[in-house]
Amino acid sequence: MPLRTLIAALFFLTATQVCAQSPQAGFERRAMPDGTEVGIWYPASGTPTRQRLGLYAQDVVVGSKVPEGRYPLVVMSHGTGGDFASHVDTATALARAGFIVAALTHPGDNWRDNSRATEISARPAALSGLITYMLGGWPGHAAIDSDRVGAFGFSAGGFTVLVAAGGRPDLSRLGDHCRQNPAFFDCMLLKRQRPTASPASPASGDARIKAVVVAAPALGFTFDRAGLSKVRLPVQLWRADDDQILPAPHYADAVRAALPARPEFHAVPGAGHFDILAPCADPSIVPQICASAVGFDRTAFHARFNADVVRFFSAKLSRRRR
């Protein structure tokens with residue numbers, strides 16, 4: 001065997017062994033008893049393979065089992081028109097760091113079916129239902145430490161986790177907001193899909209949640225200081241500085257001002273709203289969502305974003321804080 005070929009073979013073998021021994025992510029797709037679609041990621045060992053998940057792709061160990069032990073849980077809530085895979089790179093990063101992660105596809109508010117996209121008051125209950133399923137109904141539930149549960153939410157999912165964390169929005173503010181900003185996304189959505197009745201205030205608070213990451217939250221202006229007074233758990237808050245869907249100062253900035261304690265706040269220069277989503281496997285398929293502004297590197301941003309999310313949950317859901 002020529003020396004160059006031998007060196008290449010040894011390099012490939014070494015790289016494969018290192019990859020197999022490094023912390024990896026396992027994955028499974030399930031349905032809750034009510035039919036809600038769920039993606040679940042967990043720590044795994046082995047050699048990962050590439051999988052497509054709609055617009056996205058992931059590297060996971062196929063057929064891996066949930067490991068023994070007790071791991072913190074992070075549940076994920078996507079934005080309007082998304083699905084469980086919307087933040088797949090963040091989910092796999094958390095799994096590799098020792099978390100079990102579960103993301104649901106919100107019924108009636110996803111890319112297949114958006115017939116109930118304006119019924120945002122149903123979202124927090126769905127997220128709490130996911131926690132209940134993961135702690136009791138999921139076959140691997142014995143591996144979850146029920147005292148260490150976090151929640152991640154983007155856009156409408158950011159609103160969802162704020163309510164699940166104890167926030168009480170005043171949805172009557174929507175009227176004035178939309179009279180002043182009729183071209184904003186939330187107002188256009190309400191105009192296209194007007195609820196048949198006045199929006200109900202969602203049930204507030206799931207004490208099982210101990211920390212939240214909130215990215216580009218929808219309806220941030222519906223929270224005032226009184227409305228967020230009970231959100232006293234740790235919050236990491238993200239704002240996309242070039243967000244044309246939920247522009248400043250009505251959303252992330254309003255939440256930042258209303259929280260009773262200063263959140264860990266991150267402003268991302270040059271980022272658009274959809275840059276919080278995982279980088280797409282093929283950005284040309286849906287450029288409205290997958291393409292970033294010239295000069296903004298979504299992949300490089302997500303390397304930093306995922307590292308900060310992992311660091312935050314690792315610190316706030318550590319055993320010493322129980």
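As the structure is a prediction and not an experimental result, all values here were calculated from the model.
Taking 4.5 Å as the limit, every side-chain heavy atom of Asp186 sits out of range of all side-chain heavy atoms of Ile245. Side-chain atoms of Thr90 and Met76, non-hydrogen and from C-beta on, do get closer than 4.5 Å to each other. Taking 4.5 Å as the limit, every side-chain heavy atom of Val268 sits out of range of all side-chain heavy atoms of Arg239. Using a 4.5 Å cut-off on side-chain heavy atoms (C-beta onward), Pro43 and Ile100 make contact. Within the 4.5 Å cutoff, no side-chain heavy atoms of Ser229 are placed close to those of Pro260. With a 4.5 Å cut-off on side-chain heavy atoms, Asp242 and Asp275 do not count as touching. Looking only at side-chain heavy atoms (C-beta outward), Phe312 and Val213 come within less than 4.5 Å of each other. Side-chain atoms of Pro139 and Arg30, non-hydrogen and from C-beta on, do get closer than 4.5 Å to each other.
Distance check, rounded to the nearest 0.5 Å: CD of Gln193 to OG1 of Thr80 gives 9.5 Å. The distance from atom CE of Met134 to atom CG of Leu73, rounded to the nearest 0.5 Å, is 5.5 Å. Separating the CG atom in Leu277 from the NE2 atom in His78 is a distance of 11.0 Å, to the nearest 0.5 Å. With rounding to the nearest 0.5 angstrom, the CZ atom of Phe84 is 13.0 Å from the OG1 atom of Thr36. For the atom pair CH2 of Trp138 and CD1 of Ile40, the computed distance is 5.5 Å after rounding to the nearest 0.5 Å. To the nearest 0.5 Å, atoms CG (Leu237) and OH (Tyr251) are separated by 14.5 Å.
In plain terms, the two heavy atoms of Leu228 and Val255 that are nearest each other are CD1-O, 3.9 Å. For the pair His106 and Ala126, the tightest heavy-atom approach, listed with the atom from each and the gap, is ND1-CB, 4.0 Å. Scanning both residues, Ser77 and Leu104, for their nearest heavy atoms gives CA-CD2, 4.4 Å. Smallest separation of non-hydrogen atoms from Ala291 and Arg298: O-NH2, 3.8 Å.
For Phe27 and Trp41, the ring centers sit closer than 6.0 Å to each other. The six-membered or imidazole ring of Tyr71 lies away from that of Phe99, with a centre-to-centre distance of 6.0 Å or more.
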Stepwise side chain to side chain contact (heavy atoms under 4.5 Å, CB included) test for Ser86 and Asp83:
CA-CA 6 Å; Ser86 294; Asp83 71 358; 3.9 Å; yes
Applying side chain to side chain contact (heavy atoms under 4.5 Å, CB included), run through Val38 and Arg29 and close with a yes or a no.
CA-CA 6 Å; Val38 181; Arg29 192 170 181 168; over 6 Å; no
Run Leu174 and Phe221 through side chain to side chain contact (heavy atoms under 4.5 Å, CB included) and show every step you take.
CA-CA 9 Å; Leu174 275 164; Phe221 61 88; 3.8 Å; yes
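Taking a cutoff of 4.0 Å between a charged side-chain nitrogen and a carboxylate oxygen, Asp308 and Arg311 qualify as a salt bridge. Using a 4.0 Å cut-off between charged nitrogen and carboxylate oxygen, Asp147 and Arg208 do not count as a salt-bridge pair. Between Glu28 and Lys65, no side-chain nitrogen of the basic residue sits less than 4.0 Å from a carboxylate oxygen of the acidic one, so the salt-bridge criterion is not met. Under the 4.0 Å criterion applied to side-chain N and carboxylate O atoms, Asp109 and Arg116 are not assigned as salt-bridge partners. Of the charged side-chain nitrogens involved, none lies within less than 4.0 Å of a carboxylate oxygen, so that Lys316 and Glu264 do not count as a salt-bridged pair.
Listed by first then second residue, pairs satisfying disulfide (SG to SG under 2.5 Å) with a partner in residues 209-314 read Cys280-Cys290, not counting sequence neighbours. Applying the disulfide (SG to SG under 2.5 Å) test to pairs two or more places apart or on separate chains, those with a residue in residues 84-192 are Cys178-Cys187.
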Report all side-chain donor-acceptor pairs from residues 149-160 shorter than 3.5 Å, counting only partners two or more places apart or in another chain.
{"unit_1": "Ser155", "atom_1": "OG", "unit_2": "His273", "atom_2": "NE2", "d": "3.1"}
{"unit_1": "Thr160", "atom_1": "OG1", "unit_2": "Arg123", "atom_2": "NH1", "d": "3.2"}
{"unit_1": "Thr160", "atom_1": "OG1", "unit_2": "Ala156", "atom_2": "O", "d": "2.7"}

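Counting non-hydrogen atoms of other residues, nucleotides and ligands closer than 6.0 Å to CZ of Arg262 gives a total of 12 or fewer. Crowding of Arg256 atom CZ: a count of heavy atoms from other residues, nucleotides or ligands under 6.0 Å not exceeding 12.
Of the N and O atoms on the side chains of Ser128 and Asp206, at least one donor lies less than 3.5 Å from an acceptor on the other residue. The closest side-chain donor-acceptor pair between Asp282 and Tyr56, if any, does not fall under 3.5 angstrom.
The aromatic rings of Phe184 and His250 stand perpendicular to each other, their planes meeting at an angle above 60°, with 30° marking the opposite boundary.
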